[in-house]
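What follows is a short report on a single structure.
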Number of protein chains: 2
Amino acid sequence: MSKNVVTSGDVARRARVSQSAVSRAFTPGASVAPETRERIHEAARDLGYRPNALARAMISGRSRLIALMTAYMDNQFYPLLLEQLSRRLQDDGYSVLLFMTDPGDQDKVVQQIMQYQVEGIVMASATMSSTLARECAQTGIPVVMFNRYVPSSPASSVTSDNIEGARCVGDFLVRGGHKRIAFIAGDEDSSTNRDREAGFYQALAQHGITVWGRVVGGYTFEGGAEAARSLFSGDEKPDAVFVANDHMAFSVMDVLRQELGLRVPEDVSVVGYDDVPQASWKGYDLTTVSQQGEAMIEATQAILTEQIESQSVVQRAVILPSPLVIRGTSRLPDKGC
Amino acid sequence: MSKNVVTSGDVARRARVSQSAVSRAFTPGASVAPETRERIHEAARDLGYRPNALARAMISGRSRLIALMTAYMDNQFYPLLLEQLSRRLQDDGYSVLLFMTDPGDQDKVVQQIMQYQVEGIVMASATMSSTLARECAQTGIPVVMFNRYVPSSPASSVTSDNIEGARCVGDFLVRGGHKRIAFIAGDEDSSTNRDREAGFYQALAQHGITVWGRVVGGYTFEGGAEAARSLFSGDEKPDAVFVANDHMAFSVMDVLRQELGLRVPEDVSVVGYDDVPQASWKGYDLTTVSQQGEAMIEATQAILTEQIESQSVVQRAVILPSPLVIRGTSRLPDKGC
DNA sequence: TTGAAAGCGCTAACAA
DNA sequence: TTGTTAGCGCTTTCAA
């Protein structure tokens, strides 16, 4: 902290007004005579005065702080969320407190967060125990789970329609004439993986097909590579793989092409999920399902600001469409999904 | 904020002690009788008490807040910095305030930051006017520029040895037998680009060669692609390109391979800078110069904590080695650099 | 429109 | 070891 040296008292003395007048001069809409305000601002400028946001937060009960929790940055989906969400919140006059968590210490981190009197919490790739979520709700702090949900939790959630998106992939692959369709799962504890898996199987079932093979990749780059190796280790190999996120799909493609010498999509089709920027890079040119980050962020911000202003926390679950983006890693059926 | 309902006074009443006893019970190393402390903690648990970090910061003059400013997240180098640095600071008991800036509003954002009484500022891919840096120094707030520096500024800096790293690339390419060596520059206003360009030219000069062509890509993906297109538009084409960062190098390779049908490295060698994770992905397998993020982050943290603790801000400039990582996008000379 | 005064929740002397 | 007291810098009544 190192002393903000100049306080409103100092400014008051120099401008020959009371300390409360200084406060008003820096409060939009407060009643101050124009010339008084001008004099105060001048004195403040001379002294290099900056209002102390902490003191303001204490007395007014509004910290203008939003906490953002996330677990990893390797998957490009999250950095971009971070960037766009913080830009938006900044524009609304909020500041973002960033916390990296690991599965297991999430509740502990939330406790830490709440000490800072944040006005809202966004959890990306992280979840909160429902007892803690309830506590937040009672305290009046809105919680939004981004790209995750916990059905029984009072926390709100913003997700894409993972079931429908994955259903679309399944349908697309079957109609593309694939016979041995495999699935590489993400983190089995996540709602995204559950939904993607469910939607995918559902589509296969509608065509009277069952999945040819399934391996868990855990949403990590190395996990995806391992999964691919084990999936393609036998004599008979899949002719299509749906990978639960793009991040794994990249390592899967590397293994298929470089280690196994397979051609994509001639020998095997690959489809991912998320549509991160790298998916459109020509080196991969990955067919994938787009999570519309922009819209998801907008929804997150809307829930947050609405609940902060209304002082009432109600559970909301926003599900946004998640369209298939067809690129070069998949054999095509005659028509789209 | 929404009222943290329970205060230390409430806990005091329930535990039948004074309010200051409660404060002590939550201050490591304060003098409290073990059984008193236990009684207080029990009461706190019953009530769901959490100390108010804002109030604590106000009175103690220590906010335990560190601000992190950055401009973009597309270049994977920065998200990873963010992740690792926040994890480390968290472990040290600090919380991270995140601010996204654009060139131009950086000083404004710093003013906003200082209202939160942060104890330190880390600026990644962003710089601060030297007058403002001086102001920070006077206030006793250490500022570390990460991957940037401004010679005249009182702010500290942590960079890799961009001159030497780029010199190494130049040497490597010349010795690899390349005759028409081009350079795609990043953001011309950045110290990284200046140093990389200088080191590169210097190495060429040592071999009696001048650069075959030079285009500015501005460190962006699309800018890199454009630069490649213009560089390779004539009849005679470069047989090697040094690209000022990996992020651009990926788009350059896409253009070379997909749009122009060139083979890398047979027709043209490509070398990048940063060694972001994607550089080692087999789809690119990019020869590049490694910025050792881990070490840079360690240095940043060391400067920060040392200056916060000593309450004295002195300018420090740490320059870390930046070794060439040879992968598959470059024709090889007989021996290394 | 302005100033005086109270107090947000806490820490840090100082006495007891 | 404990309680009392005095603020940190600010916003917000309440009178003037």
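Each chain gets a letter, A, B and so on, in the order its sequence line appears, and its residues count up from 1.
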(request) Could you tell me whether A:R88 and A:D91 have a side-chain N and a carboxylate O separated by less than 4.0 Å? (result) no
(request) Would you mind reading off the distance between A:M58 atom CE and C:dT11 atom C1', rounded to a whole angstrom? (result) 12 Å
(message) Are A:M128 and A:S153 packed together at the side-chain level, in the sense that at least one heavy-atom pair is separated by less than 4.5 angstrom?
(response) no
(message) I'd like to know if the side chain of A:E119 reaches the main chain of A:I66, judged simply by a donor and an acceptor atom lying under 3.5 Å from each other, with no hydrogens or angles considered.
(response) no
(request) Kindly say if B:T7 contacts the phosphate of C:dG9, meaning a side-chain N or O under 4.0 Å from OP1 or OP2. (result) no
Distance-only criterion, 3.5 Å: show the donor-acceptor pairs between side-chain atoms of residues 68-75 of chain A and protein atoms not counting sequence neighbours.
from, atom 1, to, atom 2, distance (Å)
A:T70, OG1, A:S125, OG, 3.4
A:N75, OD1, A:F77, N, 3.0

(request) Measure from CD on B:Q115 to C1' on D:dG9 and round the result to the nearest Å. (result) 13 Å
(request) Let me know the distance between CG of A:L54 and P of C:dG9, rounded to the nearest Å. (result) 15 Å
(message) Treating B:R316 as the side-chain partner and B:S157 as the backbone partner, does any N or O pair qualify as donor plus acceptor under 3.5 Å?
(response) no
(request) Could you pull out the closest heavy-atom pair between A:M145 and A:A155, with the gap in Å? (result) CE-CB, 3.7 Å
(message) In whole Å, I'd like the distance from the CZ atom of B:R13 to the C1' atom of C:dG9.
(response) 13 Å
(message) For the backbone of B:S160 and the side chain of B:N162, can you confirm whether one donor and one acceptor N or O come within less than 3.5 Å of each other?
(response) yes
(message) Tell me the interatomic distance from B:L47, atom CG, to C:dG9, atom C1', rounded to whole angstroms.
(response) 15 Å
(message) Strictly under 4.0 angstrom, non-hydrogen atoms only: write out the protein contact profile of nucleotides 11-16 of chain D, one letter per nucleotide from the 5' end, B, S or -.
(response) BBB---
(request) Could you pull out all residues at least two apart from B:R56 that satisfy salt bridge (Lys or Arg N to Asp or Glu O under 4.0 Å)? (result) none
(request) Using five base pairs at each end, measure the axis-to-axis angle across the helix from C:dT1-D:dA16 to C:dA16-D:dT1 and round it to 10 degrees. (result) 30°
(request) Check the pair A:V314, A:Q307 against side-chain contact (heavy atoms from CB on, under 4.5 Å), reporting the backbone distance first and the verdict last. (result) CA-CA 8 Å; A:V314 287; A:Q307 304 205 354; 3.8 Å; yes
Name each donor-acceptor pair under 3.5 Å that joins a side chain in residues 41-48 of chain A to protein atoms two or more places apart or in another chain, with its distance.
from, atom 1, to, atom 2, distance (Å)
A:H41, NE2, A:A25, O, 3.1
A:D46, OD2, A:R14, NH1, 2.7

(request) Examine distances only and state if a side-chain atom of B:D105 and a backbone atom of B:D102 form a donor-acceptor pair shorter than 3.5 Å. (result) yes
(request) Measure the distance from CG on B:N52 to C1' on D:dC8 and round it to the nearest whole Å. (result) 13 Å
(message) Which nucleotide wins on minimum distance to the side chain of A:S31, given the candidates D:dT1, C:dT1, C:dG9?
(response) C:dT1
(message) Can you pull out the residues from residues 33-42 of chain B that lie within a 4.0 Å heavy-atom distance of DNA chain D?
(response) B:A33, B:T36
(request) Rounded off to whole Å, could you give me the CG-to-C1' distance for the B:D10 and C:dC8 pair? (result) 13 Å
